[in-house]
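Okay, so here's the structure we're looking at.
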Amino acid sequence: MMSIRLLNVFSVGVLGMVLSAAFCDIFWTKKKIFAMAGGVVGILLFQGIIYSVTDLDIVKKLYPLITHIPLTVILCILNRKCVWPTISVLSAYLCCQIRRWLALLIVFIFSGTPQMQDVVELAMTLPIIALLIWLVAPAVRAMSHFPISIQCLFGLIPALYYGFDYLTQVYTDLLLQGVLAVAEFMSFVCSVAYLIFVTYISKEQQTRSKLEQNQAILNLQIEQAVREIAALRESQEKTGIYRHDMRHHMQYLSSCIENGQLKQAKGYIRKIYTETEANTVRVYCENEAANLIFSAFARRAEDSGVPMRIRAQIPQVISVPEIDLCVLLSNALENALLASGKQREKGREGVIEVFVYEKKGKLFLEISNSCGEDITFDKGIPVTNRSGHGFGVRSICAVVERYGGICSFSVQDGKFILSISI
């Protein structure tokens, strides 16, 4: 019966190595398959040599040195990583216990002998390999794409079980002695690991949901910015049409004056002036998109009674795409106009000053506006508890972060100052 036991040890070794390779996220080329097969054969031959000069108990005690460590090294070389191949080997070792436990259950039910257990384990090897590779391996491989912290958390139970199994059953017989603390150890570990895993995943999900929400808001703002630029360009085109049709306007006015229709002529002049002024885009710099945005907000500030002083030196071609420039300027000016308008409502001075220029491929922006004293900062970022607010600041930070720029918010002498370098 020793031959059956040896065959069983051989089969569980093959099962563990095959599962370790299946759990490891490796793109299997022919070269890698041959390398893995050669490694498995070499490990099995090494086991046979050790067994030929010792006995099976010594082989079991040396198993980490003659099997698990070489297997991990082979997978690390093929995967070009260290953490996940180690977790794959530990996870495969844990899964190999399924075969042993099921065999123990069948032997218990049928009151079988230890020899029967070896036979049952042998019979279960191929079906268990097939099921685990088909059902479990894809999900395990997917874990390799998660952050290292989640990978380590995933490998916590396999690692603890590996140490527990060898310390209490291979190197000692503490588990067979029935020591209560030892017997309950894995139950305790599973409970704690489960709670930690659930807590961590919950936090990760909340963070992901918040990021998705912010991204959705940013996308909406970008769409709005694109629509605003299109509307401003349309207004600019209308102004060009009015200028082109000026000859016809003059002819009509001349006709009204010749016929003594002065009142009608004055009304027509006021109408033309109002429509032309509403669609006029003021020139602050060479960049068309910046001019459109500055013109729109300057007109809104004028209607609100808020003085806005703009100094801009932006060339037509800059490193920041037009859409992102629109997001930065629109959100910053919107917040400045809102804060200054509130100061005006309280009878205080409300002023907006804009200074922006481009130098050596970098865009520098500083916008200051009048503000109150109730601004709260969290890690240098202004925050608010009011529903529907604070998204403008997040959008600004998201754009600046995407380009590796610098963004700062501060309050000095009753003025809120936003500085951006991107």
Would you tabulate the side-chain donor-acceptor contacts of residues 135-150 under 3.5 Å, counting partners in other chains and residues two or more places apart, or write 'none'?
unit_1, atom_1, unit_2, atom_2, d
Arg141, NH1, Ala22, O, 2.8
Ser144, OG, Arg141, O, 2.5
His145, NE2, Asp25, OD2, 3.1
Ser149, OG, Tyr200, OH, 2.5

Rounded distance (nearest 0.5 Å) linking atom OG of Ser408 with atom CD of Glu366: 8.5 Å
Going by heavy atoms in the side chains, are Cys76 and Trp84 under 4.5 Å from each other? no
How far does CH2 of Trp101 sit from CD1 of Ile106, to the nearest 0.5 angstrom? 9.5 Å
Can you confirm whether Ile133 sits close enough to Val18 that some side-chain heavy atom of one is under 4.5 Å from a side-chain heavy atom of the other? yes
Arg100: partners by salt bridge (charged side-chain N to carboxylate O under 4.0 Å, His left out), with sequence neighbours left out: Asp165
Listed by chain and number, what are the salt bridge (charged side-chain N to carboxylate O under 4.0 Å, His left out) partners of Glu334, not counting sequence neighbours? Arg300
Check: Ile352 and Ser368 side chains under 4.5 Å, non-hydrogen atoms: no
In chain order, what residues pass the side chain to side chain donor-acceptor pair (under 3.5 Å) check against Thr72, with sequence neighbours excluded? none
Locate the shortest heavy-atom distance separating Lys415 from Cys371; write the atom from each residue and the value. C-SG, 3.7 Å
Going by side chain to side chain contact (heavy atoms under 4.5 Å, CB included), name the residues that satisfy it together with Asp303, two or more places apart in sequence or in a different chain. Arg299
Trace of the side chain to side chain contact (heavy atoms under 4.5 Å, CB included) decision for Phe409 with Val393: CA-CA 10 Å; Phe409 305 86; Val393 171; 3.8 Å; yes
Quick one: OG1 on Thr54 to CD1 on Ile49, what's the gap to the nearest 0.5 Å? 11.5 Å
Leu7 and Leu122, any side-chain heavy atoms less than 4.5 Å apart: yes
Might you confirm whether atom CD of Glu401 has over 12 heavy atoms from other residues, nucleotides or ligands at distances under 6.0 Å? no
Extract all donor-acceptor atom pairs below 3.5 Å that involve side chains of residues 30-48 and protein atoms in other chains or at least two apart in sequence.
unit_1, atom_1, unit_2, atom_2, d
Lys32, NZ, Leu78, O, 3.4
Gln47, NE2, Tyr63, OH, 3.4
Gln47, NE2, Thr67, OG1, 2.6

Could you pull out all residues at least two apart from Asn79 that satisfy side chain to side chain contact (heavy atoms under 4.5 Å, CB included)? Cys24, Ile26, Lys81, Pro85
Go through the structure and list residues passing salt bridge (charged side-chain N to carboxylate O under 4.0 Å, His left out) with Arg309, not counting sequence neighbours. Glu353
Who pairs with Tyr403 by side chain to side chain contact (heavy atoms under 4.5 Å, CB included), at least two apart in sequence or on another chain? Pro321, Asp324, Val399, Ile422
Do Asn369 and Leu418 make a side-chain contact, defined as non-hydrogen atoms from C-beta onward lying under 4.5 Å apart? no
Tell me whether the rings of Tyr93 and Tyr161 are parallel (<30°), tilted (30 to 60°) or perpendicular (>60°). tilted
Verify, without hydrogens or angle tests, whether Tyr166 (side chain) and Tyr171 (backbone) share a donor-acceptor contact under 3.5 angstrom. no
Does the pair Val400 and Leu328 meet the rule for a side chain to side chain contact (heavy atoms under 4.5 Å, CB included), with working shown? CA-CA 9 Å; Val400 173; Leu328 284 176; 4.1 Å; yes
I'd like to know if the side chain of Ser370 and the backbone of Ser340 have a donor-acceptor N/O pair within less than 3.5 Å. no
Note, Val351 side chain near Val306 side chain (heavy atom, < 4.5 Å): no
Are Thr125 and Arg99 close enough that a side-chain donor and a side-chain acceptor fall under 3.5 Å? yes
Non-neighbouring partners of Glu358 that pass side chain to side chain contact (heavy atoms under 4.5 Å, CB included), sequence neighbours left out: Pro315, Ile318, Leu363
Does a side-chain heavy-atom distance below 4.5 Å link Leu365 with Ile367? yes
Hey, mind stepping through Val411 and Ile417 against side chain to side chain contact (heavy atoms under 4.5 Å, CB included) and telling me if it holds? CA-CA 6 Å; Val411 175; Ile417 302 174; over 6 Å; no
In Å, rounded to the nearest 0.5 Å, how long is the span from CG of Asp173 to OG1 of Thr168? 9.5 Å
Any chance you could lay out the side chain to side chain contact (heavy atoms under 4.5 Å, CB included) test for Val170 and Asp57, step after step, and finish with the verdict? CA-CA 8 Å; Val170 179; Asp57 290 335; over 6 Å; no
Spacing of Cys397 atom SG and Asn331 atom CG [to the nearest 0.5 Å]: 10.5 Å
For Gln97, does the CD atom have more than 12 heavy-atom neighbours from other residues, nucleotides or ligands under 6.0 Å away? yes
Where is the tightest heavy-atom contact between Ile87 and Gln151, given as atom of each residue plus distance? CD1-O, 3.2 Å
Mark yes or no for whether Ser11, through its side chain, and Asn8, through its backbone, hold a donor-acceptor pair below 3.5 Å. yes
Not counting sequence neighbours, list each pair that qualifies as a ring-ring contact (aromatic ring centres under 6.0 Å, His included) and has a residue in residues 336-374. Phe355-Tyr357, Tyr357-Phe364
Heavy-atom pair with the smallest gap, counting every atom of Leu65 and Pro70: O-CD, 3.3 Å
Taking the side chain as every heavy atom from C-beta outward, state whether Gln313 and Cys285 have any pair of such atoms under 4.5 Å apart. no
Would one find more than 12 heavy atoms of other residues, nucleotides or ligands at under 6.0 Å from atom CD1 of Ile406? no
Approximate separation, where rounding is to 0.5 Å, of Lys342 NZ and Leu337 CG: 11.5 Å
Glu302: side chain to side chain donor-acceptor pair (under 3.5 Å) partners, not counting sequence neighbours: Arg282
Between Ser319 and Gly361 the two heavy atoms that sit nearest each other are OG-O, 3.1 Å
Search all heavy atoms of Phe297 against all heavy atoms of Ser330 and return the closest pair with its distance. CZ-O, 3.5 Å
Minimal non-hydrogen separation, Pro307 against Gly305, with atom names: CD-O, 3.5 Å
